[in-house]
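Before any comments, here is the structure.
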Amino acid sequence: MKVVALRWSAPPTKPKPAPPFFGQERALRALEAAFRQGGHGYLVGPSGLGKRKRLLAYLKGRPFPKEELVYLPLGEEAFPLLLPEGKGRALLEEVEALLSEFTPALFREKGFLYAKSLVEARYQKEAEALLEALSEEAEAHGFALEEGEESLKLSGQGPLPPELSARLEETVLAYLEARQKAQAEVAALRRGFAERFFVPKAERLKERFPEARAYVDWVLETLLRAAALEEEPEAPGLLPHLLVAGEDRVVYEPNPTPERLFGHLEYEAREGVLTTHLGLLRPGALHRATGGVLVLEAHRVLELGSYPLLKRALATGEVEPLTPRPEVKGPRLKPAPLKAQVFLVGPPEVVAFLEEDEEFLELFPFRVEFSPEIPYTEENVAYLGGFLEAEGVSLTPEGLAALADEARRLAGHRERLDARLYRLLDLAREAQSLRSPVDGEAVREAVRGREERFGLEEELYLEEIRQGVVALEVAGERVGEVNGLVVVEGPLPTGRPVRITAQAGPGREGVLSIDREVGLGGQVFHKAVLTLAGYLRGTYAQLGALSATVSLVFEQSYGSLEGDSAGLAELLAVLSALSGLPLRQDLAVTGAIDQTGRVLAVGRVAEKVEGFFRVCQTLGLTGTQGVVLPKANLPHLTLREEVVEALEKGRFHLFAVEEVDEAVELLFGRKAYWVHEKVREALEHFQKLENGDGEKS
């Protein structure tokens with residue numbers, strides 16, 4: 001069937017504001033299910049779809065509870081505590097206020113000073129009576145009592161009598177005991193005075209923060225002990241540490257190292273000793289996302305070694321900050337509760353690796369899958385424009401239509417749009433650098449510029465075609481030769497014709513692919529050759545076993561070959577080699593086949609058509625040249641304007657086929673049954689030669 005190329009340009013369309021998940025309704029439903037159930041999930045799809053940015057846009061402005069995470073010191077350990085929004089900071093401020101009241105001025109109150117003076121005076125009087133009695137007894141023995149700052153001694157003539165020595169020791173012990181009693185009574189007095197001041201305040205604190213009762217009791221006891229011992233409490237070691245408060249609870253962590261995910265406790269050197277305290281605790285992304293959502297790039301989590309730790313945290317529901325080396329002195333941290341939803345974002349190859357882990361599927365039950373293509377509808381085109389305008393691109397309706405056409409071309413289908421929005425955004429920004437607002441011509445200029453930047457290899461190839469370095473004919477007829485079509489992969493995939501030749505003779509080896517034999521053909525390529533052999537067996541079954549050996553090769557092809565899109569071209573070359581009938585060289589052929597003779601769709605058909613068109617332009621258009629392609633590929637013909645014009649003017653042609661025989665009649669210029677009859681005659685002749693029944697010379 002000859003194809004008349006129809007115009008496929010999109011109509012001018014006005015942009016309209018785009019919802020984050022336009023065209024990705026399947027992904028949106030999965031995401032909404034994840035939020036309804038509070039489960040972790042992962043976003044999967046090719047790069048360039050904007051998965052992460054779409055998720056963050058969807059979450060923007062979404063209300064999340066903002067509980068505050070506080071770490072409370074308690075002896076040698078520190079415990080996490082989640083408090084309602086505002087209460088964590090209030091607890092910190094009230095404890096700071098409580099500690100600020102512990103000052104020397106607290107113990108300068110007249111009542112305390114008077115009671116202290118009475119205690120000290122009483123014990124001073126008792127001590128003086130002890131010393132006076134010792135002094136009198138010493139004088140009776142001719143000795144004198146001398147008082148030093150830290151000691152008592154008796155001086156006189158001669159040795160100290162034993163009874164006086166014992167008396168001295170007894171007095172010293174009694175004196176020290178009196179001093180100790182005085183100190184203990186003053187300490188009790190200080191503690192009691194502090195209790196009267198701090199206990200009511202602590203009780204009010206416990207009433208307001210019942211979750212922190214044990215901590216408040218510990219702070220109170222620490223203050224009372226410091227008051228009794230006349231010590232200054234170390235405030236940094238007593239204060240709560242407000243780890244998370246008030247921030248946005250949607251967190252994207254681009255560098256998910258263990259430290260940045262789980263938080264860590266820093267340390268410092270003091271007088272040669274490594275120490276730490278709660279004030280040096282730094283929150284991780286899992287802390288900062290408390291009550292909200294944490295978004296991570298899957299490949300970065302794997303690369304940076306955080307994946308095993310993340311799995312453990314999700315399985316236990318706890319976030320354990322990383323602690324310093326064992327020799328660092330400081331509090332032991334208890335894990336905090338994990339109250340964030342975690343979403344990993346990654347391409348299919350990374351996610352496929354993660355999905356091999358059963359634990360991963362248990363911990364991340366929600367797969368949010370993005371399609372690489374979305375339906376081509378007026379609404380989706382308008383949303384595409386809204387997305388581009390939100391990214392700072394100014395568009396005319398004609399410019400948006402031209403970008404939509406490029407999206408269809410990238411998708412390789414007239415009824416689909418490529419969903420890799422950020423590739424389109426790059427093109428739109430390049431067009432905007434040429435003209436703003438972006439119109440259709442600016443888009444086309446940007447496309448031409450991009451193709452030129454990547455076009456050196458193609459330019460050199462066409463020059464080799466022109467010079468005859470690459471042997472290729474696009475006119476006339478040849479036996480056993482046909483122009484197939486392949487695609488050279490790269491930043492801009494390019495279609496090229498390739499000369500496929502076949503040689504046939506008697507034998508038992510069937511169809512032999514030279515490329516396969518030397519290791520240049522992949523598994524799918526080899527499957528296509530075997531399918532071709534299956535077609536031959538089925539078509540000429542009445543002859544029995546095929547007594548023929550047919551060699552096939554892609555001429556001047558030095559790289560690896562993969563795919564089945566040359567199946568139809570290879571079959572035509574084989575039929576020509578067997579029958580001795582020539583094939584048209586002005587037609588290139590693409591299409592896979594099955595064993596029954598049906599022609600199947602192939603990939604990148606537009607690039608293949610354009611590749612043969614460029615070669616024909618280079619060697620000279622004759623008006624008869626064209627491409628034979630599967631009818632199933634007609635929706636994929638997103639051809640460039642110059643090819644469409646050549647088709648409309650009859651300078652180039654397309655032929656869509658559904659069955660092998662349609663292609664046979666186009667390439668041989670004869671009815672299919674006649675070609676098959678010639679093949680049968682050749683196979684019968686080969687069979688006779690194999691059986692030794694051939695004509696004698």
Side-chain angles (χ1 to χ4, degrees), residues 18-62 64 248-256 260-261 285-286 288-289 291-304 306-307 309-311 313-314 338-375 380 383-384 387 390-391 407 410-411 416-426:
F21 279 75
F22 76 90
Q24 299 287 357
E25 286 72 20
R26 174 196 295 273
L28 180 59
R29 289 193 296 270
L31 191 63
E32 289 174 341
F35 281 113
R36 281 197 303 271
Q37 299 182 45
H40 309 296
Y42 56 104
L43 283 64
V44 56
S47 299
L49 296 175
K51 302 181 291 296
R52 169 174 53 83
K53 290 186 177 180
R54 287 185 185 220
L55 174 60
L56 295 176
Y58 172 80
L59 296 174
K60 188 175 182 180
R62 190 182 179 95
F64 290 103
D248 183 6
R249 298 307 169 90
V250 177
V251 177
Y252 166 60
E253 177 51 67
N255 188 31
R260 294 178 69 87
L261 270 186
L286 284 165
R288 291 186 284 114
V293 178
L294 173 61
V295 181
L296 304 171
E297 302 285 355
H299 73 281
R300 295 290 288 160
V301 173
L302 288 169
E303 287 172 359
L304 298 172
S306 301
Y307 181 57
L309 296 175
L310 179 62
K311 283 202 304 180
L314 296 180
L338 194 159
K339 298 194 70 176
Q341 270 185 276
V342 179
F343 285 89
L344 299 181
V345 181
E349 56 272 18
V350 174
V351 171
F353 171 77
L354 291 172
E355 286 178 327
E356 294 177 3
D357 179 6
E358 290 186 4
E359 284 185 280
F360 173 80
L361 295 174
E362 292 175 2
L363 296 171
F364 293 89
F366 292 96
R367 178 185 173 100
V368 182
E369 187 169 13
F370 283 68
S371 171
E373 301 168 359
I374 61 177
N380 280 342
Y383 284 154
L384 172 62
F387 162 78
E391 294 289 336
L410 288 171
R416 309 291 293 173
L417 293 170
D418 193 305
R420 292 172 293 182
L421 302 180
Y422 287 87
R423 292 187 64 177
L424 293 170
L425 176 59
D426 288 342

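Just so we're clear, the structure is a prediction, and the values are computed from it rather than from any experiment. These values consider heavy atoms only, across backbone and side chains, with no hydrogens, waters or symmetry-generated copies.
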Can you confirm whether Glu358 is buried at CD, in the sense that more than 12 heavy atoms of other residues, nucleotides or ligands lie under 6.0 Å from that atom?
no
Applying side chain to side chain contact (heavy atoms under 4.5 Å, CB included), run through Leu354 and Leu302 and close with a yes or a no.
CA-CA 9 Å; Leu354 291 172; Leu302 288 169; 3.8 Å; yes
I would like to know whether His40 and Phe366 meet side chain to side chain contact (heavy atoms under 4.5 Å, CB included); could you show each step before the answer?
CA-CA 6 Å; His40 309 296; Phe366 292 96; over 6 Å; no
Given the ring of Phe370, does Arg26 sit roughly above its face, with NZ or CZ under 6.0 Å from the centre of the six-membered ring and within 45° of the axis?
no
Quiz item: cation-pi between Arg52 and Tyr252, 6.0 Å / 45°
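Positive - Arg52 is close enough to the ring of Tyr252 and near enough to its axis.
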Any carboxylate oxygen within less than 4.0 angstrom of a Lys/Arg side-chain nitrogen, looking at Glu32 and Arg29?
no
Salt-bridge criterion met for Asp248 and Arg288 (N-O under 4.0 Å)
no
Taking the side chain from [X] and the backbone from [Y], do they hold a donor-acceptor pair closer than 3.5 Å?
X      : Y      : value
Arg62  : Gly292 : no
Gln341 : Gly291 : no
Arg416 : Glu373 : yes
Asn380 : Pro375 : yes
Lys311 : Ser306 : no

Testing the basics here: between [X] and [Y], what is the closest heavy-atom pair and its distance to 0.1 Å?
X      : Y      : answer
Ala298 : Gly346 : CB-CA, 4.3 Å
Phe364 : Val342 : CE2-O, 3.8 Å
Pro348 : Pro46  : CD-N, 3.8 Å
Leu410 : Arg423 : CD2-NH2, 4.0 Å
Val368 : Ala27  : CG1-O, 3.3 Å
Ala285 : Leu294 : CB-CD1, 3.7 Å

What I'd like to find out is whether the side chain of [X] reaches to under 4.5 Å of the side chain of [Y], using heavy atoms alone.
X      : Y      : answer
Leu421 : Leu384 : yes
Glu253 : Val295 : no
Ser371 : Gln24  : yes
Phe360 : Glu356 : no
Leu261 : Leu304 : no
Leu296 : Leu310 : yes
Val44  : Lys51  : no

Assess whether side chain to side chain contact (heavy atoms under 4.5 Å, CB included) is satisfied between Leu314 and Leu338, documenting all intermediate values.
CA-CA 7 Å; Leu314 296 180; Leu338 194 159; 3.9 Å; yes
Once you round to the nearest 0.5 Å, how far does [atom1] of [X] lie from [atom2] of [Y]?
X      : Y      : atom1 : atom2 : result
Leu43  : Arg367 : CG    : CZ    : 10.5 Å
Asn255 : Glu297 : CG    : CD    : 11.5 Å
Ile374 : Arg420 : CD1   : CZ    : 12.5 Å

Between Val250 and Lys60, does a side chain to side chain contact (heavy atoms under 4.5 Å, CB included) hold up when you go through it step by step?
CA-CA 8 Å; Val250 177; Lys60 188 175 182 180; over 6 Å; no
Are Phe387 and Tyr422 an aromatic pair by the rule of ring centers under 6.0 Å?
yes
Tell me if the aromatic rings of Tyr42 and Phe343 count as close, with their centers under 6.0 Å from one another.
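So the answer is no for these two rings.
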